[in-house]
Amino acid sequence: MKKICGSNQSGRSMIEMLGVLAIIGVLSVGGISGYSKAMAKYKTNKTLDQLSLLITNIRTLYANQVSYDGLDNAAAVDFELVSQDMIKTTGTGQGAKQSLVNPYGGSVTLGTSTDKMEFTIAYENVDRQACITLITSDWGGSASSGLVSIAVGTTTYSWENNTLPVSLSNASTACADDSSNTITWTSR
(Lines give C-alpha, C1' and ligand atoms only; values in the text may rest on other atoms or scores of the structure.)
Protein backbone atom coordinates (compact mmCIF):
# COMPACT_ATOMS: atom_id res chain seq x y z
CA MET A 1 0.00 0.00 0.00
CA LYS A 2 1.21 3.31 -1.02
CA LYS A 3 0.79 6.15 1.42
CA ILE A 4 -0.14 9.49 -0.12
CA CYS A 5 1.20 12.52 1.71
CA GLY A 6 -1.29 15.33 2.05
CA SER A 7 -0.39 18.91 1.53
CA ASN A 8 -1.33 20.01 5.05
CA GLN A 9 0.81 23.00 5.94
CA SER A 10 1.37 24.38 9.38
CA GLY A 11 1.92 28.05 10.15
CA ARG A 12 0.08 31.25 9.35
CA SER A 13 -0.80 32.76 6.05
CA MET A 14 0.35 36.20 4.98
CA ILE A 15 -3.21 37.55 5.33
CA GLU A 16 -3.46 36.32 8.91
CA MET A 17 -0.15 37.96 9.76
CA LEU A 18 -1.23 41.26 8.20
CA GLY A 19 -4.43 41.10 10.26
CA VAL A 20 -2.44 40.60 13.45
CA LEU A 21 -0.13 43.50 12.56
CA ALA A 22 -3.12 45.75 11.89
CA ILE A 23 -4.60 44.92 15.29
CA ILE A 24 -1.26 45.59 16.98
CA GLY A 25 -1.04 48.93 15.17
CA VAL A 26 -4.50 50.02 16.31
CA LEU A 27 -3.76 49.01 19.91
CA SER A 28 -0.42 50.86 19.80
CA VAL A 29 -2.02 54.10 18.65
CA GLY A 30 -4.58 53.81 21.46
CA GLY A 31 -1.83 53.08 23.96
CA ILE A 32 0.23 56.08 22.89
CA SER A 33 -2.81 58.33 23.15
CA GLY A 34 -3.58 57.02 26.63
CA TYR A 35 0.05 57.42 27.65
CA SER A 36 0.10 61.04 26.46
CA LYS A 37 -3.00 61.86 28.48
CA ALA A 38 -1.60 60.11 31.54
CA MET A 39 1.69 62.05 31.26
CA ALA A 40 -0.16 65.36 30.95
CA LYS A 41 -2.16 64.58 34.10
CA TYR A 42 1.02 63.45 35.88
CA LYS A 43 2.79 66.74 35.07
CA THR A 44 -0.17 68.79 36.28
CA ASN A 45 -0.41 66.82 39.54
CA LYS A 46 3.37 67.04 39.98
CA THR A 47 3.18 70.83 39.56
CA LEU A 48 0.41 71.12 42.14
CA ASP A 49 2.45 69.00 44.57
CA GLN A 50 5.58 71.10 43.96
CA LEU A 51 3.69 74.35 44.51
CA SER A 52 2.06 73.13 47.71
CA LEU A 53 5.42 71.94 49.05
CA LEU A 54 7.16 75.18 48.06
CA ILE A 55 4.51 77.43 49.60
CA THR A 56 4.46 75.41 52.84
CA ASN A 57 8.25 75.32 53.10
CA ILE A 58 8.64 79.05 52.39
CA ARG A 59 6.00 79.99 54.96
CA THR A 60 7.57 77.67 57.54
CA LEU A 61 11.10 79.00 56.99
CA TYR A 62 10.00 82.65 57.12
CA ALA A 63 7.39 82.22 59.90
CA ASN A 64 9.46 84.15 62.44
CA GLN A 65 10.74 86.76 59.99
CA VAL A 66 9.24 90.19 59.35
CA SER A 67 9.55 89.82 55.56
CA TYR A 68 10.56 87.42 52.79
CA ASP A 69 13.79 89.35 52.21
CA GLY A 70 16.46 87.16 50.62
CA LEU A 71 14.12 84.64 49.07
CA ASP A 72 15.34 83.59 45.64
CA ASN A 73 16.22 80.38 43.79
CA ALA A 74 19.64 80.07 45.42
CA ALA A 75 18.15 80.43 48.92
CA ALA A 76 15.46 77.86 48.08
CA VAL A 77 18.13 75.34 47.10
CA ASP A 78 20.42 76.20 50.07
CA PHE A 79 17.56 75.89 52.60
CA GLU A 80 16.18 72.75 50.88
CA LEU A 81 12.80 74.35 50.20
CA VAL A 82 12.47 72.59 46.84
CA SER A 83 12.30 68.91 45.98
CA GLN A 84 15.39 67.38 44.38
CA ASP A 85 13.55 66.72 41.11
CA MET A 86 13.22 70.49 40.61
CA ILE A 87 16.97 71.14 40.74
CA LYS A 88 18.90 71.10 37.47
CA THR A 89 22.68 71.33 37.67
CA THR A 90 24.72 72.43 34.68
CA GLY A 91 28.49 72.33 34.59
CA THR A 92 30.81 70.65 37.05
CA GLY A 93 32.97 71.59 39.99
CA GLN A 94 33.11 75.22 41.06
CA GLY A 95 31.60 76.31 37.75
CA ALA A 96 28.43 74.28 38.35
CA LYS A 97 25.20 76.26 38.37
CA GLN A 98 21.87 75.18 39.76
CA SER A 99 18.54 76.27 38.40
CA LEU A 100 14.97 75.25 39.15
CA VAL A 101 12.82 73.53 36.53
CA ASN A 102 9.17 72.53 36.45
CA PRO A 103 7.64 69.33 35.04
CA TYR A 104 7.05 71.08 31.68
CA GLY A 105 10.75 71.80 31.22
CA GLY A 106 10.41 75.52 31.92
CA SER A 107 12.17 77.47 34.61
CA VAL A 108 10.87 78.17 38.10
CA THR A 109 11.66 81.57 39.58
CA LEU A 110 11.21 82.54 43.23
CA GLY A 111 11.22 86.13 44.37
CA THR A 112 9.62 88.77 46.57
CA SER A 113 7.37 91.75 46.10
CA THR A 114 8.83 95.26 46.22
CA ASP A 115 8.11 95.63 49.94
CA LYS A 116 9.26 92.02 50.56
CA MET A 117 6.00 91.24 52.41
CA GLU A 118 4.88 88.78 49.72
CA PHE A 119 6.68 86.09 47.73
CA THR A 120 6.24 84.98 44.14
CA ILE A 121 6.60 81.63 42.38
CA ALA A 122 6.70 81.72 38.57
CA TYR A 123 6.43 78.67 36.30
CA GLU A 124 7.38 79.13 32.64
CA ASN A 125 6.51 77.10 29.53
CA VAL A 126 3.25 75.66 30.85
CA ASP A 127 0.97 74.25 28.15
CA ARG A 128 -2.58 75.55 27.71
CA GLN A 129 -4.51 72.67 29.30
CA ALA A 130 -2.24 72.61 32.35
CA CYS A 131 -2.42 76.41 32.59
CA ILE A 132 -6.21 76.29 32.76
CA THR A 133 -6.16 73.50 35.36
CA LEU A 134 -3.52 75.19 37.51
CA ILE A 135 -5.08 78.64 37.69
CA THR A 136 -8.59 77.30 38.33
CA SER A 137 -7.43 74.97 41.12
CA ASP A 138 -8.70 75.51 44.65
CA TRP A 139 -6.15 77.87 46.16
CA GLY A 140 -8.39 78.76 49.10
CA GLY A 141 -11.70 80.54 49.44
CA SER A 142 -10.42 83.99 50.40
CA ALA A 143 -7.40 86.19 50.94
CA SER A 144 -6.93 84.55 54.35
CA SER A 145 -5.58 81.48 52.51
CA GLY A 146 -2.41 83.47 51.87
CA LEU A 147 -2.82 83.64 48.10
CA VAL A 148 -2.74 87.25 46.93
CA SER A 149 -2.92 86.84 43.16
CA ILE A 150 -2.35 84.61 40.15
CA ALA A 151 -0.96 86.12 36.96
CA VAL A 152 -0.89 84.55 33.51
CA GLY A 153 1.13 86.65 31.11
CA THR A 154 -0.16 90.20 31.59
CA THR A 155 -3.50 89.19 33.16
CA THR A 156 -3.67 89.22 36.96
CA TYR A 157 -6.44 87.72 39.07
CA SER A 158 -6.68 88.73 42.73
CA TRP A 159 -8.97 88.81 45.75
CA GLU A 160 -8.62 92.57 45.72
CA ASN A 161 -10.34 92.97 42.35
CA ASN A 162 -12.75 90.03 42.95
CA THR A 163 -11.37 87.88 40.14
CA LEU A 164 -10.31 84.95 42.32
CA PRO A 165 -11.12 82.14 42.08
CA VAL A 166 -10.46 82.19 38.34
CA SER A 167 -13.40 81.07 36.22
CA LEU A 168 -12.93 78.55 33.40
CA SER A 169 -13.89 81.13 30.78
CA ASN A 170 -11.32 83.63 32.11
CA ALA A 171 -8.68 80.90 32.30
CA SER A 172 -9.43 79.81 28.75
CA THR A 173 -8.94 83.39 27.55
CA ALA A 174 -5.76 84.01 29.56
CA CYS A 175 -3.92 80.78 28.69
CA ALA A 176 -2.23 80.79 25.28
CA ASP A 177 -2.74 77.96 22.80
CA ASP A 178 0.86 76.82 23.00
CA SER A 179 3.40 76.04 25.72
CA SER A 180 4.49 79.63 26.29
CA ASN A 181 2.35 80.36 29.36
CA THR A 182 4.04 81.80 32.41
CA ILE A 183 2.04 81.56 35.64
CA THR A 184 3.01 83.60 38.70
CA TRP A 185 1.50 82.96 42.12
CA THR A 186 1.89 85.70 44.72
CA SER A 187 1.38 84.72 48.38
CA ARG A 188 1.87 86.02 51.89
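Given the structure is predicted, the values throughout are model-derived calculations rather than measurements.
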N/O donor-acceptor pairs under 3.5 Å from side chains in residues 79-89, not counting sequence neighbours:
unit_1 : atom_1 : unit_2 : atom_2 : d
Ser83  : OG     : Asp85  : OD1    : 2.4
Asp85  : OD2    : Lys46  : NZ     : 2.5

What's the verdict on side chain to side chain contact (heavy atoms under 4.5 Å, CB included) for Trp185 and Ile55, showing C-alpha distance, side-chain angles and the deciding distance?
CA-CA 10 Å; Trp185 290 267; Ile55 291 168; 5.5 Å; no
Using 0.5 Å steps for rounding, measure from the [atom1] atom of [X] to the [atom2] atom of [Y].
| X | Y | atom1 | atom2 | result |
| --- | --- | --- | --- | --- |
| Leu147 | Ser187 | CG | OG | 5.0 Å |
| Glu16 | Leu18 | CD | CG | 10.5 Å |
| Ile135 | Ile150 | CD1 | CD1 | 6.5 Å |
| Asp127 | Ile132 | CG | CD1 | 9.5 Å |
| Asp72 | Thr112 | CG | OG1 | 8.5 Å |
| Gln65 | Ser67 | CD | OG | 7.5 Å |

For the residue pair [X] and [Y], what are the closest heavy atoms and their distance?
| X | Y | result |
| --- | --- | --- |
| Leu164 | Val148 | CD1-O, 3.9 Å |
| Thr136 | Ala171 | CG2-CB, 3.6 Å |
| Gly70 | Tyr62 | C-OH, 3.7 Å |

Heavy-atom count around Leu21 CG within 6.0 Å, excluding the residue itself: above 12?
yes
Under the rule for side-chain contact (heavy atoms from CB on, under 4.5 Å), what residues qualify as partners of Ala151, not counting sequence neighbours?
Thr156, Thr184
Checking Asn45 now: which residues fulfil side-chain contact (heavy atoms from CB on, under 4.5 Å) with it, not counting sequence neighbours?
Lys41, Leu48
For Asp138, the side chain to side chain donor-acceptor pair (under 3.5 Å) test, sequence neighbours excluded, returns none
Check side chain to side chain donor-acceptor pair (under 3.5 Å) between Thr173 and all other residues, then give those that pass, not counting sequence neighbours.
none
Excluding sequence neighbours, so at least two apart, what forms salt bridge (charged side-chain N to carboxylate O under 4.0 Å, His left out) with [X]?
| X | result |
| --- | --- |
| Lys37 | none |
| Glu124 | none |
| Arg188 | Glu118 |
| Asp177 | Arg128 |

So, the side chain of [X] versus the backbone of [Y]: is there a donor-acceptor pair under 3.5 Å, distance only?
| X | Y | result |
| --- | --- | --- |
| Asn170 | Ser167 | no |
| Asn102 | Val108 | no |
| Ser137 | Thr133 | yes |
| Trp139 | Leu134 | yes |
| Thr163 | Ser158 | yes |
| Asn125 | Tyr104 | no |

Connected via hydrophobic side-chain network under 4.5 Å: Val101 and Leu54:
no
By the salt bridge (Lys or Arg N to Asp or Glu O under 4.0 Å) test, which pairs, at least two apart or in different chains, include something from residues 148-163?
none
Walk me through it: do Ile58 and Leu71 pass the test side chain to side chain contact (heavy atoms under 4.5 Å, CB included)?
CA-CA 8 Å; Ile58 291 168; Leu71 177 63; 3.9 Å; yes
Does either side chain, that of Asp178 or that of Ser180, offer a donor lying less than 3.5 Å from an acceptor on the other one?
yes
Do Ser107 and Tyr123 come close enough that some side-chain heavy atom pair is under 4.5 Å?
no
Side-chain contact, heavy-atom cut-off 4.5 Å: Val126 with Ser179?
no
Working note: Ile183 + Cys131, criterion side chain to side chain contact (heavy atoms under 4.5 Å, CB included); need CA distance, chi angles, decisive distance, verdict.
CA-CA 7 Å; Ile183 307 171; Cys131 176; 4.0 Å; yes
Applying ring pair (Phe, Tyr, Trp, His ring centres under 6.0 Å), can you list everything that pairs with Phe119, at least two apart in sequence or on another chain?
Tyr68
Partner residues of Tyr157 under the ring pair (Phe, Tyr, Trp, His ring centres under 6.0 Å) criterion, sequence neighbours left out:
none
